[in-house]
Amino acid sequence: MASNVNPTVRRRRLGQELRRLRELKGMTAEEVAERLLVSQSKISRLENGRRSISQRDVRDLCGVYEVEDQRIVDSLMEMARDSRQQGWWHTFGDIPYSVYIGLETDAESLRVYEPQLVTGLLQTHAYAEALVQGALPETSAAEIEKRVRVRMRRQERITAEHNFLRLWVVLDEAALRRVVGSELVMREQLEHLIEMSQLPHVTVQVLPFEVGAHPGLNGQYAILEFTDAADSSVVYLEGVTSDLYLEKAQDVQKYAVMYEHLRAQSLNVEASRQFIAKVAEQYVD
């Protein structure tokens with residue numbers, strides 16, 4: 001069974017603490033790597049939370065940083081142990097974007113800009129299935145089914161009575177007009193989008209074509225924010241073969257400002273619902 005401990009978040013917190021200890025010691029990642037006879041890239045991956053951290057890694061690093069307080073060492077060792085547990089998504093096998101799922105699962109709020117499609121957390125089953133089939137034409141039926149099931153499982157954060165995810169979505173008009181699956185699938189998807197937008201913790205705005213050039217022309221992105229002050233916000237950029245996670249404060253701030261411009265240029269919430277409903281009517285019953 002999946003543990004309540006989120007291994008992705010544990011790795012991230014542990015990596016942040018190890019980076020803090022290194023910086024307090026005044027050492028570079030290269031110097032630490034030389035002391036431990038490992039690659040500099042390993043130290044970087046440990047610190048950014050993209051690699052599992054063993055208790056041996058923690059012990060060795062605490063030795064290099066000369067951490068004398070055993071309580072700190074014990075706390076870091078416990079975090080390392082927790083970080084190797086499995087989250088709910090591991091029960092589905094290998095998931096290419098598992099790091100993102102781990103972050104999303106623990107996030108308090110999520111701001112998303114989608115230029116081409118309805119965001120995954122608000123997709124219907126039929127839309128999600130048709131989307132995966134179209135985007136990954138050489139994918140097996142079993143893999144498509146798995147990806148759709150994972151997507152539906154992620155949506156439980158939206159419909160949960162407690163600890164729900166606060167979601168703000170800006171959708172480009174293109175996402176409403178691109179027919180995914182069939183016109184019937186699209187009508188059902190847009191009606192579902194309107195229904196979900198009625199939830200008090202879900203906000204959907206449409207960015208119409210008439211706006212012209214805008215700050216989101218470079219593509220989709222998401223900003224994840226967390227309850228725990230120790231967890232810095234993350235900007236997620238999805239790629240074809242790899243994803244990018246930005247955590248530096250200046251990077252996050254830049255994307256946050258861009259998002260404010262997108263929200264300001266979009267239709268307001270009620271006008272967006274009316275716009276979506278009008279587009280939905282254009283699809284067959």
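All figures in this text were calculated on a predicted structure; none of them were measured in a lab.
- Within the 3.5 Å criterion, the main-chain N or O of R71 finds no donor-acceptor partner in the side chain of S75.
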Audit row: D57, K42, salt bridge (Lys or Arg N to Asp or Glu O under 4.0 Å) steps and yes/no: CA-CA 10 Å; D57 289 330; K42 175 179 178 178; 3.3 Å; yes
Salt bridge (Lys or Arg N to Asp or Glu O under 4.0 Å) between E129 and R147, worked out: CA-CA 8 Å; E129 186 175 52; R147 284 175 176 257; over 6 Å; no
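- Looking only at side-chain heavy atoms (C-beta outward), L176 and L171 come within less than 4.5 Å of each other.
- Side-chain atoms of T124 and E188 form no donor-acceptor pair, as typed in the model, at a separation below 3.5 Å.
- In this structure the side chain of Q133 never reaches within 4.5 angstrom of the side chain of T139, judged on heavy atoms.
- Residue L136 shares its hydrophobic cluster (ILVMFWY side chains chained together at separations under 4.5 Å) with V132, I144, V148, M152.
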Side chain to side chain contact (heavy atoms under 4.5 Å, CB included) between V269 and S272, worked out: CA-CA 5 Å; V269 172; S272 292; 5.7 Å; no
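- For E66, the salt bridge (charged side-chain N to carboxylate O under 4.0 Å, His left out) partners two or more places apart in sequence, or in a different chain, are K25.
- Under the 3.5 Å distance criterion, with hydrogens and angles disregarded, a donor-acceptor pair is assigned to the side chains of Q282 and R177.
- Residues satisfying the ring-ring contact (aromatic ring centres under 6.0 Å, His included) criterion with Y127, sequence neighbours excluded, are absent altogether.
- Residues L46 and L61 have side chains in contact (heavy-atom distance under 4.5 Å, counting atoms from C-beta outward).
- V179 is connected to L122 through a chain of hydrophobic side-chain contacts under 4.5 Å among Ile, Leu, Val, Met, Phe, Trp and Tyr, so both are in one cluster.
- In this structure H214 satisfies the ring-ring contact (aromatic ring centres under 6.0 Å, His included) test together with Y113, sequence neighbours excluded.
- Listed by chain and residue number, nothing satisfies the side-chain contact (heavy atoms from CB on, under 4.5 Å) test with E161 (two or more places apart in sequence, or in another chain).
- N268 contributes a side-chain N or O that, together with a main-chain N or O of A271, makes up a donor-acceptor pair within less than 3.5 Å.
- Among residues two or more places apart in sequence or in another chain, the ring-ring contact (aromatic ring centres under 6.0 Å, His included) test is passed with Y255 by Y221.
- M79 and V73 fall within a single hydrophobic cluster, where Ile, Leu, Val, Met, Phe, Trp and Tyr side chains are chained together by heavy-atom contacts under 4.5 Å.
- Electrostatic pairing of E260 and R263 counts as a salt bridge here, judged by a charged N lying under 4.0 Å from a carboxylate O.
- Remark: side-chain polar atoms of Q205 are paired, donor with acceptor, to backbone N or O of L267 under 3.5 angstrom.
- No hydrogens or angles considered: a donor-acceptor pair under 3.5 Å links the side chains of S197 and R273.
- Tracing side-chain contacts under 4.5 Å through hydrophobic residues (I, L, V, M, F, W, Y), one reaches I223 starting from L244; they form part of the same cluster.
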Intermediate values then yes/no, salt bridge (Lys or Arg N to Asp or Glu O under 4.0 Å), E225 and R111: CA-CA 9 Å; E225 296 174 306; R111 287 175 285 172; 3.1 Å; yes
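- Looking at Y259 and V170, their side chains come closer than 4.5 Å, going by heavy atoms from C-beta outward.
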Verdict with supporting geometry, R187 and E191, salt bridge (Lys or Arg N to Asp or Glu O under 4.0 Å): CA-CA 6 Å; R187 186 182 183 102; E191 290 173 346; 3.2 Å; yes
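- Residues S41 and R45 bring a donor and an acceptor atom of their side chains to less than 3.5 Å of each other.
- For the pairing with R151, the side-chain contact (heavy atoms from CB on, under 4.5 Å) check across H125, K146, Q123 returns one residue only, Q123.
- Not a single donor-acceptor pair under 3.5 Å links the side chain of R166 to the backbone N or O of H201.
- Hydrophobic clustering (side-chain heavy atoms under 4.5 Å, transitive across Ile, Leu, Val, Met, Phe, Trp, Tyr) keeps L224 apart from F164.
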